[in-house]
Every structure is written in structure tokens, then in C-alpha cells.
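Okay, so here's the structure we're looking at.
Just so we're on the same page: letters track the sequence lines, and every chain starts at 1.
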Protein chains: 2
Amino acid sequence: MPMHHPPSRTLARVEDRPTWLISRNFQRSSGLLAAAFESAGDGLRSYHYRLLAALDEWGPASQADLGRGTGIDRSDVTAALSELESRRLVKRSVDPAHKRRNIVTITPAGVERLLELDAIVDDVQEQVLKPLTVAQRRQFIALMVKVLAAEDESLTSAAPNP
Amino acid sequence: MPMHHPPSRTLARVEDRPTWLISRNFQRSSGLLAAAFESAGDGLRSYHYRLLAALDEWGPASQADLGRGTGIDRSDVTAALSELESRRLVKRSVDPAHKRRNIVTITPAGVERLLELDAIVDDVQEQVLKPLTVAQRRQFIALMVKVLAAEDESLTSAAPNP
DNA sequence: GATTGAGTGTTGGCTCGACCAACATAGCCG
DNA sequence: CGGCTATGTTGGTCGAGCCAACACTCAATC
């Protein structure tokens, strides 16, 4: 249960900077998320949720594909899947076509847990957005999406040595 | 130089959730920030910047006050200040009134470095906000501030065992 | 067919920011 | 004086994000 230790004063040169606001929003949001996940019993964390969601939405997949799809590193996928597997939320089986490859499947129990986590996560959305009106929420989301749109166009002019 | 490994696919149940968008925005923003700080030469990171800024804005202060003011844990303040001190950007001297207390002061070199970092950080703001118009930037900032306003009013209804 | 090269899963490690606990010391206040 | 709090320091933990190296499998190329 991570306690909340926000700064007690505001730094003028920092308080209105987007990077700072983003960082504080993230801290708050991820704190609420962590608390919610923790109260859900199992030691499942965000990696587990993302992996379960990916398996549910995309169907069985190899670990490498899961990693690429979710943006989680191969090694972290391995670790998280092991934890999921030990809770019987996921099953690993060898791909007959490529013996080196695992095919990961979500189990019925995994789907069940995923739905519980979905509800928890939805709850946190509400908490986070609480101060905003419905219209503002839409705006907020739209703006964040727009900011992220530049995510790949990042070849500006900062690479002296190619 | 941390490479950028975003998810290659989008998770339907996740892609529009504010917590997810906040998290991705944070990742992008902090990635740019880290890259910018790294290119600044010294191994200074965000803690150092916040502490230098605090000292510059609030004047000399004890480590405990710095910690409370910036929201950085006492122990992390100690460590970061030691690194700043070894670079002569900050000076520690014992408070004559309270021998246990250090009075930390930013040096001229510290102010100088702070200004450089300021420029770097400002640059990152631009990068982050690039996709937005001026009006949208204002909105974005205002919305983030508003969301954060609820930061302390967080006694909802999720504590079964007090 | 044997040799390369790429992809896969796993192990083990690292960094950063955010925490927390314990301790010795210093000051305060009863 | 004895307790109490505050301070700085040491030495951890954790989650998320990374990276490197290895063993192995497969496909393509020589």
C-alpha cells in the first residue's frame, strides 16, 4: 500500500510544465491502480493484466508475439506468464510446427479473473476522472490520444552521429 | 539511450482508458526527458533537477524540508544531494542552531547548471506538445491540473479493514 | 547435406523513481 | 532527568522497463 507523498510546495518552474503534470498524473493513476490490484487478492500486476487481455482479445499466441503486441519485453513476458501459469490462468503448450515456440492460451479461470480485473480497472478510471465533466473527459482523452499520435514521428533533429 | 518499444498492436479494452493513456504519455515524456538529460553530459537525473530547482526557488533549506517540499524521500534526498555536492553544484553546511541539521545551498555553478537543465526541459515540453495547437495545449494543461486537484480528496470507499 | 543466420524462450542482470525500516544523534519539553 | 520528535544516513524492497547472453530450433543458402 504505497502512501501518497506529494510535494508540499509547488515549484514555479515546474508546476505548469506538461512533463511534470503528466508525471504527477501518472503517479496518481498508477498508485490508484496498484492499490486496486492489490485489493484484488492475487499478486497480479499490470503486466499480468495486459497479457491476459491480449490473450483474450487476440487468442492464443506465442510469447514473442505477445511481447511485441503488448510492448512487454520477452524476458518479462516469460516471468509474468510463469506467474499466470502457476495460478492456472494461462496454459503454455509447445507449438508442434515450431518446437521452440510456446503457444499460450488463456484458461476459463483466466477469463474469469480478467473480467474481475476489468471491473477493477474501470473503477479506477472513474476515480481518476472524477473531477472532470463528461465533456471534459472526452476532451482529456482526445488530447492525450493526439499527443501520442506523434509517438513514432520522432526523427526531429537530434542525431549528430547516425 | 533507452529504445522505444511501444506495443505494436492496440488492446481494445485498454487503448482508450485514461489510465493507459496517462501511462503511455508518461512513458513517452519521461523517455524524452531521460534522453535529454543524458545528452546533457553529467549523470544528473530528475531528482537532481528538482532539488536544484527547489534550492534556487526557495533558497537554502534543510534536507528534510527539501524532501517535504519536493515530495522526495529523505533517503533519496541524501543520495541525490551527495551526487550534487560531489559535482560542486550544492554545498552542505551544519546548521549552527541545530547541529543535526544540514543547511543546503546551491552554488553559482549549480545555478548555472540549473539554467542549462531548464533549457533542456523546456525543449522537451515542445517535443511533447508538438501535435497540439496553442489552444489545445492550454486545454491539456488545464485538464491535467484539474484532474490532479482531487489529489488529496481520496477517501472513497475501498478500505474493508481499517 | 552442412553451415549460416534468424527467431524463440529463459536466465540473470541493470536502471529509475518511489517507497520503507532502522539507527544514531540532537534538540525539546514534560 | 526521561521521553519524544526530528534529522540525516544506511541499506534495503518493489514495479516497470530495458539489455545481453545462452541454448535451441528452424529455414535458407552455399
Side-chain angles (χ1 to χ4, degrees), chain A residues 1-7 19-20 22-24 26-38 43-51 61-68 70-83 85 90 92-104, chain B residues 1-7 19-20 22-24 26-31 33-35 37-38 43-51 61-83 85 92-104:
Chain A
M1 58 187 104
M3 248 240 291
H4 213 207
H5 277 174
T19 52
W20 175 251
I22 289 172
S23 156
R24 293 230 48 77
F26 170 73
Q27 182 133 344
R28 174 166 154 74
S29 145
S30 72
L32 291 172
L33 232 22
F37 271 101
E38 186 180 0
L44 297 184
R45 300 172 313 261
S46 80
Y47 276 1
H48 306 108
Y49 177 65
R50 280 157 72 183
L51 288 171
S62 75
Q63 300 188 190
D65 283 343
L66 282 174
R68 278 183 292 262
T70 59
I72 302 175
D73 189 88
R74 291 208 318 273
S75 56
D76 301 317
V77 170
T78 298
L81 284 183
S82 297
E83 290 162 332
E85 194 177 33
V90 129
R92 276 195 260 222
S93 50
V94 178
D95 185 336
H98 300 268
K99 260 189 186 168
R100 189 100 195 101
R101 183 151 35 200
N102 283 340
I103 294 185
V104 188
Chain B
M1 57 185 102
M3 250 239 291
H4 212 209
H5 277 177
T19 52
W20 175 252
I22 289 171
S23 157
R24 293 231 46 80
F26 171 73
Q27 182 132 344
R28 174 166 155 78
S29 144
S30 71
L33 231 22
F37 271 100
E38 185 180 1
L44 298 184
R45 300 173 312 260
S46 79
Y47 277 2
H48 305 108
Y49 177 66
R50 280 157 71 183
L51 289 171
S62 75
Q63 300 188 189
D65 283 344
L66 282 174
R68 278 184 293 263
T70 59
I72 301 176
D73 189 86
R74 293 211 312 279
S75 57
D76 299 319
V77 171
T78 299
L81 284 183
S82 297
E83 290 162 330
E85 196 177 32
R92 276 193 260 222
S93 50
V94 177
D95 184 337
H98 300 265
K99 260 189 185 165
R100 189 98 195 99
R101 183 150 36 202
N102 283 341
I103 295 185
V104 188

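For the pair A/Asn102 CG and D/dT25 C1', the computed distance is 13 Å after rounding to whole Å. Separating the CG atom of B/Leu66 from the C1' atom of D/dA6 is a distance of 15 Å, rounded to the nearest angstrom. The CZ-C1' distance, from B/Phe26 to D/dG17, rounds to 11 Å in whole Å. Across the protein-nucleic acid pair, A/Leu51 atom CG and C/dG9 atom P stand 13 Å apart, rounded to whole Å. The distance between atom CG of B/Asp95 and atom P of C/dA26, rounded to the nearest whole Å, is 13 Å. With rounding to whole Å, B/Trp20 atom CH2 is found 11 Å from D/dA16 atom C1'. In this structure, A/His5 places its NE2 atom 13 Å from P of C/dA18, rounding to the nearest Å. Taking atom NE2 on B/His98 and atom P on D/dT5, their separation rounds to 17 Å, with Å as the unit.
Judged by atom type and distance alone, A/Ser75 does not reach the base of C/dG9 through any side-chain donor-acceptor pair under 3.5 Å. For A/Arg100 against D/dT25, a side-chain-to-base donor-acceptor contact under 3.5 Å is absent.
Residue-level contact check: B/Ser46 touches the backbone only, with heavy atoms under 4.0 Å from sugar-phosphate atoms and none from bases. Here B/Ala97 lies in heavy-atom contact (under 4.0 Å) with sugar-phosphate atoms only. Contact annotation for B/Arg74: base contact, defined as any heavy-atom pair under 4.0 Å involving a base atom. Contact annotation for B/Asp73: base contact, defined as any heavy-atom pair under 4.0 Å involving a base atom. At a threshold of 4.0 angstrom between heavy atoms, the contacts of B/Ser30 with the nucleic acid are absent.
Taken to the nearest 0.5 Å, the CZ atom of B/Arg68 stands 8.5 Å off from the CZ atom of B/Arg74. With rounding to the nearest 0.5 angstrom, the CD1 atom of A/Ile103 is 9.0 Å from the NE2 atom of A/His98. Note that the OG atom of B/Ser29 and the CZ atom of A/Phe26 stand 10.5 Å from one another [nearest 0.5 Å].
Phosphate contact (OP1/OP2 of C/dG7, side-chain N/O of A/Gln63, threshold under 4.0 Å): absent. A close approach under 4.0 Å does occur between a side-chain nitrogen or oxygen of B/Arg92 and OP1 or OP2 of D/dT9. At C/dT8, one or more side-chain N or O atoms of A/Arg68 fall inside 4.0 Å of OP1 or OP2 (strictly under the cut-off). Proximity of B/Arg50 to the phosphate of C/dA18: a side-chain N or O atom is located under 4.0 Å from OP1 or OP2. OP1 or OP2 of C/dC16 has not a single side-chain nitrogen or oxygen of A/Gln27 nearer than 4.0 Å.
Place A/Asp76 and A/Arg101 on DNA chain C by their nearest nucleotides, and A/Arg101 ends up nearer the 5' end. Where B/Ala79 and A/Tyr47 meet DNA chain D, the nucleotide closest to each residue was compared, and B/Ala79 sits on the side nearer the 5' end.
Residues B/Leu81 and B/Leu66 have side chains in contact (heavy-atom distance under 4.5 Å, counting atoms from C-beta outward).
A donor-acceptor pair is defined here as one N or O able to donate and one able to accept, closer than 3.5 Å; no such pair exists between the side chain of B/Arg92 and the backbone of B/Glu85. Remark: side-chain polar atoms of B/Ser23 are not paired, donor with acceptor, to backbone N or O of B/Thr19 under 3.5 angstrom.
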